[in-house]
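Inspection log for the structure reproduced underneath, given as structure tokens.
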Amino acid sequence: MKIYNSLSGEKEIFKPIHEGYVGMYVCGPTVYSHVHLGNVRTFMSFDMIYRYLKHLGYKVRYVRNITDAGHLENDADEGEDKITKKARLEEIEPMEVVQRYTVDFHNILNTFNFIPPSIEPTATGHIIEQIELIKTIIDNGFAYLVNGSVYFDVLKYNETNNYGILSKRKVEDLIHNTRELDGQSDKKNPQDFALWKKAEPQHIMRWPSPWSDGFPGWHLECTAMSTKYLGDHFDIHGGGMDLKFPHHECEIAQNQAAKGITPVNFWMHANMLELNGQRMSKSTGNIINPRELLSGDNNIMSKAYSPEVIRFFMMQSSYRSILDLTDPGLSASEKGFYRLLDAVNSLENLPTSTSSSMDVSAWKQTCYNAMNDDFNTPILIANLFEAVKFINQVKDEKARLTKEDLALLKETIHAFMFDVMGLRNTNSIDETGNTDKLSATVQLLIKLRQEARDNKDFALSDQIRDELDELGIQLNDGKDGTSFSL
Ligand code: AMP
Ligand code: ZN
């Protein structure tokens, strides 16, 4: 399998540090407002990557944090904490803001059928680890203290290391590129970044430290939490493209300065979702809330779209391409998704033959080839549509398929559509995913009924059929098994 590594700018063969195991860290949301669909896209890209790694049999420890402190306005080192600001405006506690938007974030991800990460640590839960890291960086000579705040000394670090290794920027060029407010900074150089900030009297989210009552810099939490759970050197670190600099560049510098090693083998960056040709972003207001897209209650789209259609739309482009969210684009995805789903559902009743006119094993391999080429979901989907064409030919008796090949085709399509891409087999899913669960439950009852029949326990098999019938669920026995209708 090859993965595009932002560090080298090339697709590289993926080899985990410990055979069979993968450690993956992805920067999570700052929970001060609703997630927008752009955020969802980045997390969905990594959900797909997580799913595929698991599908390949890796034991994956997937860590995705919640930023609940330390992230200041404009991603700068001065100014108000994003969460505190929201708390002030709404006259509630900062932790109420955190709770509200963490719950909202989880609800949205559930709607889109995400698999939860293995660990979801918070910045406020790891203040001690962050303080310990700062102590080490100071001891190693790469940070300095001014007026109770601690800053990372970029020029000093760059004498023996390469600050800019990931973003390909030059330290000299960075001076004009920093978002400092004139005269407000204690920094020796504008390139330096905060590891610890002394809290102003009005700053509520504060903790004691050897330097001052204050709070950690935004970049530090990810270094502390990724290495705590994945080790000082781990396999994959991901995030949105916009985090490459300064956030990820700073993470590399912090780890290198504290531990003398680079933290990550593969840096992966997901590309941006755009709306009307412009990046979706909270700061410009060019956003769409996922719920507005699901309910149709917005001025941008002509109708509502289901979570499956939105997910399918996102999977139709590579995670490394910019994607523009448009009504015609979603509408085309909707048609495509249901065409695919129709073919998948018709597999249940497809006639079989003594020979196949398609090499299903070779086709299956093309699906793996697509995914093994840096998770190329658009090519995977094109391959699935090849299978749709073939399935429709079999339906029209213009092509043949053996029973074994039918089973292989079904297994492969199910694996890639549902396990890897995280789609669900239903036309209308409510927010809790109940329809999907109902379908799985009825399939289980069909299986138990078949077992009863095999054991000649016809009283039980009839009871299952009759009681389902009373609930409005009809079982239909065909020559290729039993299907059900509501
Ligand atoms: P934030 O909560 O602003 O820190 O963002 C959470 C994640 O969403 C980060 O990984 C960002 O890179 C990502 N993100 C923000 N805007 C977009 C966008 N328009 N498209 C895709 N990802 C985005
Ligand atoms: Zn991060």
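Note that the structure is predicted; figures quoted are calculated from it, not measured. When a ligand or atom number is given, it counts from 1 through the structure's own listing order.
- In this structure, His55 and Tyr52 have parallel ring planes: the angle between them is below the 30° cut-off, well short of the 60° mark.
- Here the side chains of Asn140 and Thr136 are in contact, with some heavy-atom distance below 4.5 Å.
- Protein nitrogen, oxygen and sulfur atoms, that is N, O or S, within less than 2.8 Å of the Zn ion (ligand 2) amount to 3.
- Taking the six-membered ring for Trp and thresholds of 30 and 60 degrees, Tyr319 and Phe46 have ring planes inclined between 30 and 60 degrees apart.
- Ion pairing between Asp374 and Lys2 fails under the 4.0 Å rule for side-chain N and carboxylate O.
- Annotation: ligand 1 has protein neighbours Pro29, Thr30, His36, Gly38, Asn39, Thr42, Phe43, Gly240, Asp242, Leu243, Asn271, Met272, Leu273, Arg279, Met280, Lys282, each with a heavy atom less than 4.0 angstrom from the ligand.
- Taking the six-membered ring where tryptophan is involved, the planes of His248 and Trp267 are tilted, since the angle between them lies from 30° to 60°.
- Classified by interplanar angle (parallel below 30°, tilted 30° to 60°, perpendicular above 60°), the ring pair Phe385/Phe312 is perpendicular.
- Using cut-offs of 30° and 60° on the angle between ring planes, the pair His34 and Tyr101 is perpendicular.
- Listed for the Gln256 side chain is no donor-acceptor partner under 3.5 Å among the backbone atoms of Ala253.
- Aromatic ring pairs are classed by plane angle as parallel below 30°, tilted from 30° to 60° and perpendicular above 60°; the pair Tyr62 and Tyr50 is tilted.
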